[in-house]
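As structure tokens, the structure follows; a few thoughts come after it.
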Amino acid sequence: MAYDKFNILTSSAVPLPIENVDTDQIIPARFLKATKREGFGDNLFRDWRYNGDDTPKADFVLNDSTYSGKILVGGKNFGSGSSREHAAWAVYDYGFRAVVSSFFADIFKGNCLNIGVLPVQVSPEFADTIFKAIEADPKTELEINLPNQTITLLATGQQESFAINGYKKNNMVNGFDDIDYLQNIKEDIVTFADKLPY
């Protein structure tokens, strides 16, 4: 399933300065029955966003119109817990195209890369700088440049580099998942197979 190509993203950001956000908080287990990627955004952080009677909790950041954007800035150890790929689906389906944190759980990070959400790992100091900038001005913008592997706080020019696997980077720039990548090199695979002696 192809997804949006990722090149340079410039956007305001939604701050969630909570550490150890696990995948059951991102998408509670009771919403894992669906097998298609659509519709999970409605239940992103469901138990934090809504009361028991389904009314929005006014003090949760996703319900606060002060904050908006395609970038979610999370606390340290974002995406820990179970390996459910639905957590990444929920983040993408809600409309986020990047998550910034000082540390990601490995499986969540991989799941994000597989479906078009860019996990940008920064130093704890830079993460703190971003949180403070958003607190001072909720409209402050970040630029995430995937080709250059940099994230920049546009108001001040402060910048850090981030790491990403070369194969996953190529896929995100082209909007490919793993199947799309194989389909794209189908002719090369067939040519190689035809040369095999068996």
Side-chain angles (χ1 to χ4, degrees), residues 4 9-34 37-105 107-109 111-112 115-144 151-156 158 160 162:
D4 297 339
L9 173 63
T10 302
S11 175
S12 53
V14 177
L16 189 67
I18 302 172
E19 294 190 357
N20 305 312
V21 175
D22 66 38
T23 52
D24 192 54
Q25 292 160 335
I26 296 171
I27 184 74
R30 63 187 182 277
F31 298 112
L32 305 187
K33 296 176 183 177
R37 295 178 184 173
E38 298 88 10
F40 287 97
D42 293 339
N43 295 308
L44 177 68
F45 298 116
R46 178 74 190 194
D47 294 336
W48 289 352
R49 284 170 69 189
Y50 297 99
N51 296 302
D53 61 358
D54 291 335
T55 56
K57 295 181 180 180
D59 60 348
F60 186 62
V61 67
L62 292 191
N63 298 327
D64 186 345
S65 60
T66 304
Y67 303 101
S68 63
K70 295 185 176 183
I71 301 170
L72 176 64
V73 184
K76 182 180 180 181
N77 196 26
F78 194 91
S80 58
S82 71
S83 61
R84 66 190 69 168
E85 57 190 340
H86 304 71
W89 296 358
V91 170
Y92 183 90
D93 192 58
Y94 184 83
F96 291 118
R97 291 299 172 262
V99 181
V100 179
S101 175
S102 61
F103 184 79
F104 290 97
I107 294 176
F108 175 79
K109 185 176 183 178
N111 287 338
C112 283
I115 59 102
V117 175
L118 181 62
V120 178
Q121 187 164 321
V122 297
S123 68
E125 294 77 17
F126 196 65
D128 187 55
T129 297
I130 292 171
F131 281 127
K132 288 178 179 176
I134 297 171
E135 183 180 8
D137 178 9
K139 297 187 183 300
T140 194
E141 290 190 323
L142 298 170
E143 179 191 87
I144 299 175
I151 176 170
T152 306
L153 188 58
L154 291 180
T156 63
Q158 291 167 282
E160 272 200 1
F162 61 89

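The structure presented is a predicted model; accordingly, all values stated were derived computationally and were not measured. Counting from 1, the numbers follow the sequence of the chain as shown.
With Trp89 as the partner, the ring pair (Phe, Tyr, Trp, His ring centres under 6.0 Å) test is satisfied by one option alone out of Tyr94, Phe40, Phe96: Phe40. Among Asn20, Val73, Leu72, the one residue that satisfies the side-chain contact (heavy atoms from CB on, under 4.5 Å) test with Phe78 is Leu72.
Under a cut-off of 6.0 angstrom, the local environment of NZ in Lys76 is sparse, with at most 12 non-hydrogen atoms contributed by other residues, nucleotides or ligands. Around CD of Gln158, the count of heavy atoms belonging to other residues, nucleotides or ligands within 6.0 Å exceeds 12.
Between Ile26 and Phe45 the shortest side-chain heavy-atom distance falls below 4.5 Å. Residues Leu118 and Phe162 form a side-chain contact, since some pair of their non-hydrogen atoms from C-beta on lies under 4.5 Å apart. The side-chain heavy atoms of Leu44 and Val91, taken from C-beta on, include a pair separated by under 4.5 Å. Side-chain contact between Phe126 and Ile130: present, with at least one pair of heavy atoms (C-beta onward) separated by less than 4.5 Å. Using a 4.5 Å heavy-atom cutoff, the side chains of Asp24 and Arg30 are not in contact. Residues Glu85 and Phe108 have side chains not in contact (no heavy-atom distance under 4.5 Å, counting atoms from C-beta outward). With a 4.5 Å cut-off on side-chain heavy atoms, Leu153 and Leu142 count as touching.
Pairing each heavy atom of Tyr92 with each of Arg97, the nearest pair is O-NH1, 2.9 Å. Contact between Tyr67 and Pro15 at its shortest, heavy atoms only, is CD2-CD, 3.5 Å. Closest non-hydrogen pair, Ala88 versus Ile115, comes out as O-CD1, 3.4 Å. Nearest heavy atoms, Gly74 versus Phe131: O-CZ, 3.6 Å. A pairwise comparison of heavy atoms in Thr140 and Ala155 identifies OG1-CB, 4.1 Å as the closest pair. Across Tyr50 and Asp42, no two heavy atoms sit closer than the pair CE1-O, 4.1 Å.
For Arg49 (side chain) and Asn63 (main-chain N/O), no donor-acceptor pair under 3.5 Å exists by modelled atom type. Of the possible polar contacts, none joining the Asn51 side chain to the Asp53 backbone as a donor-acceptor pair under 3.5 Å is found. No side-chain donor-acceptor contact under 3.5 Å links Thr23 to the backbone of Gly81. Although no hydrogens or angles enter the test, the distance criterion places a donor-acceptor pair under 3.5 Å between the side chain of Arg84 and the main chain of Ile27. Counting only distance, with no hydrogens or angles, the side chain of Ser80 and the backbone of Ala105 share no donor-acceptor pair below 3.5 Å. Using a distance-only test at 3.5 Å, with no hydrogens or angles considered, no donor-acceptor pair links the side chain of Asn111 to the main chain of His86. A distance-only check finds a donor-acceptor pair linking the side chain of Ser101 to the backbone of Phe103 [under 3.5 Å].
Expressed to the nearest 0.5 Å, how far CD of Glu143 lies from OG of Ser11 amounts to 11.5 Å. Rounding to the nearest 0.5 angstrom, the gap separating the NZ atom in Lys70 from the CG atom in Asp4 is 7.5 Å. Here the CD atom belonging to Glu19 is positioned 7.0 Å from the OG atom belonging to Ser102, to the nearest 0.5 angstrom. Atom CD1 of Ile144 is separated from atom CD1 of Ile71 by 4.0 Å, given to the nearest 0.5 angstrom. In this structure, the separation between NZ on Lys139 and CD1 on Ile134 is 13.0 Å, given to the nearest 0.5 Å. Going from atom OG of Ser12 over to atom CG of Asp137 covers 9.5 Å, rounded to the nearest 0.5 Å.
Using a 4.0 Å cut-off between charged nitrogen and carboxylate oxygen, Arg46 and Asp54 count as a salt-bridge pair.
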